[in-house]
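To keep things clear, I will list the structure first and then write my remarks on it.
Quick note on labels: first sequence line is chain A, next is B, and so on, each numbered from 1.
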Amino acid sequence: MPTPPRLAILELLALVPSGTVVSYGQLADLAGLPGRARLVGKVLRDADTQALPWHRVVAANGTISLPADSEAASEQRQRLLAEGVTFTGKRVNMKQHNWQPDLAAILMLLKY
DNA sequence: ATAATGACTATTT
DNA sequence: CAAATAGCCATTA
């Protein structure tokens, strides 16, 4: 049984549009959980990655927060590239792709 | 109750 | 730009 905080994170993640990314901390803040970036990471580990855009979550500096050599890391990068996300070396160009919550997302946040 | 852990982050070397 | 440093805080052991 997911605790309320986790639920908020998951619902919010589901709203992140293709071609954009969010940082762990940003997602935590939006979900009303300031300072809990690490919790987001844990949620992603436990969550059902099949149905959620988990690959749209990257570190605040734009890098992928998974072991550079891991299979998951390369897959995440591949998925992002497929959505049109551009990289500069190892970092996502946050300037262009960092998600800015739209009205729908803001409204949804009100229930928490 | 205490201590270690980690898909984090901001700052400083 | 890479690496170390020091905060962060729920979850685990």
Side-chain angles (χ1 to χ4, degrees):
Chain A
M1 182 60 178
T3 62
R6 295 196 345 173
L7 197 55
I9 293 172
L10 295 175
E11 290 189 28
L12 201 48
L13 173 58
L15 299 181
V16 181
S18 170
T20 73
V21 299
V22 281
S23 73
Y24 296 84
Q26 186 186 352
L27 200 51
D29 289 344
L30 292 172
L33 306 166
R36 263 140 275 200
R38 305 184 92 123
L39 178 59
V40 174
K42 182 167 200 310
V43 171
L44 290 191
R45 254 194 83 53
D46 305 336
D48 180 352
T49 59
Q50 281 190 105
L52 292 170
W54 58 275
H55 56 283
R56 304 199 185 131
V57 185
V58 300
N61 60 14
T63 63
I64 289 176
S65 286
L66 283 167
D69 48 24
S70 73
E71 198 48 51
S74 58
E75 184 186 335
Q76 174 167 16
R77 171 149 187 169
Q78 175 193 314
R79 290 204 187 195
L80 290 175
L81 287 171
E83 300 184 343
V85 173
T86 65
F87 286 73
T88 293
K90 205 173 167 187
R91 312 182 296 92
V92 165
N93 293 325
M94 297 299 270
K95 261 332 205 326
Q96 310 172 32
H97 306 291
N98 189 35
W99 181 45
Q100 306 205 173
D102 52 30
L103 183 57
I106 307 257
L107 291 177
M108 195 204 113
L109 296 176
L110 296 180
K111 75 176 174 175
Y112 289 105

Euclidean distance, atom [atom1] of residue [X] to atom [atom2] of [N] [Å, nearest integer]:
{"X": "A:D29", "N": "C:dA10", "atom1": "CG", "atom2": "P", "result": "14 Å"}
{"X": "A:R79", "N": "B:dA7", "atom1": "CZ", "atom2": "C1'", "result": "15 Å"}
{"X": "A:L10", "N": "B:dA7", "atom1": "CG", "atom2": "C1'", "result": "14 Å"}
{"X": "A:R36", "N": "B:dT5", "atom1": "CZ", "atom2": "P", "result": "22 Å"}
{"X": "A:R77", "N": "B:dA7", "atom1": "CZ", "atom2": "C1'", "result": "17 Å"}
{"X": "A:R45", "N": "B:dT5", "atom1": "CZ", "atom2": "C1'", "result": "13 Å"}
{"X": "A:I9", "N": "C:dT11", "atom1": "CD1", "atom2": "C1'", "result": "13 Å"}
{"X": "A:N61", "N": "B:dC8", "atom1": "CG", "atom2": "C1'", "result": "10 Å"}

Under 4.0 Å between a side-chain N/O of A:K42 and OP1 or OP2 of B:dT5, yes or no?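 Answer no for this pair, as no side-chain N or O of A:K42 is under 4.0 Å from OP1 or OP2.
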
Would you indicate, yes or no, if B:dC8 has its OP1 or OP2 atom less than 4.0 angstrom from a side-chain nitrogen or oxygen of A:S23?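 No, outside the criterion.
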
Indicate the atoms forming the closest heavy-atom contact of A:A59 with A:M94, along with that distance.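 Closest pair (atom of A:A59, atom of A:M94, distance): O-CE, 4.2 Å.
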
Test applied, side chain to side chain contact (heavy atoms under 4.5 Å, CB included); reference residue, A:M108; option that passes from A:L103, A:L30, A:L15: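 It is A:L15; the other options fail the test.
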
For a 4.5 angstrom cut-off between non-hydrogen side-chain atoms, does A:Q76 reach A:V58?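 Result yes, sub-4.5 Å side-chain heavy-atom pair found.
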
Side chain proximity check, A:F87 to A:R77, heavy atoms < 4.5 angstrom: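 Yes - at least one pair of side-chain heavy atoms lies under 4.5 Å apart.
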
Closest listed nucleotide, where the reference is the side chain of A:A37 and the choices are C:dC1, B:dC8, B:dA7: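 In terms of side-chain proximity for A:A37, the closest of C:dC1, B:dC8, B:dA7 is B:dC8.
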
Identify which nucleotide among B:dA7, C:dA10, B:dT9 has an atom closest to any side-chain atom of A:L39, counting heavy atoms from C-beta outward.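 Per side-chain heavy atoms of A:L39, the pick is C:dA10.
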
A:T88 vs A:D46, nearer the 5' end of DNA chain C by closest nucleotide: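 Looking at the nearest nucleotide for each, A:T88 comes out on the 5' side.
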
If the threshold is 4.0 Å, N to carboxylate O, is there a salt bridge linking A:E75 and A:R79?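 A salt bridge links A:E75 with A:R79.
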
Heavy atoms only, 4.0 Å cut-off, all strands: where does A:R38 land among base, sugar-phosphate and nothing?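 The residue A:R38 makes base contact.
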
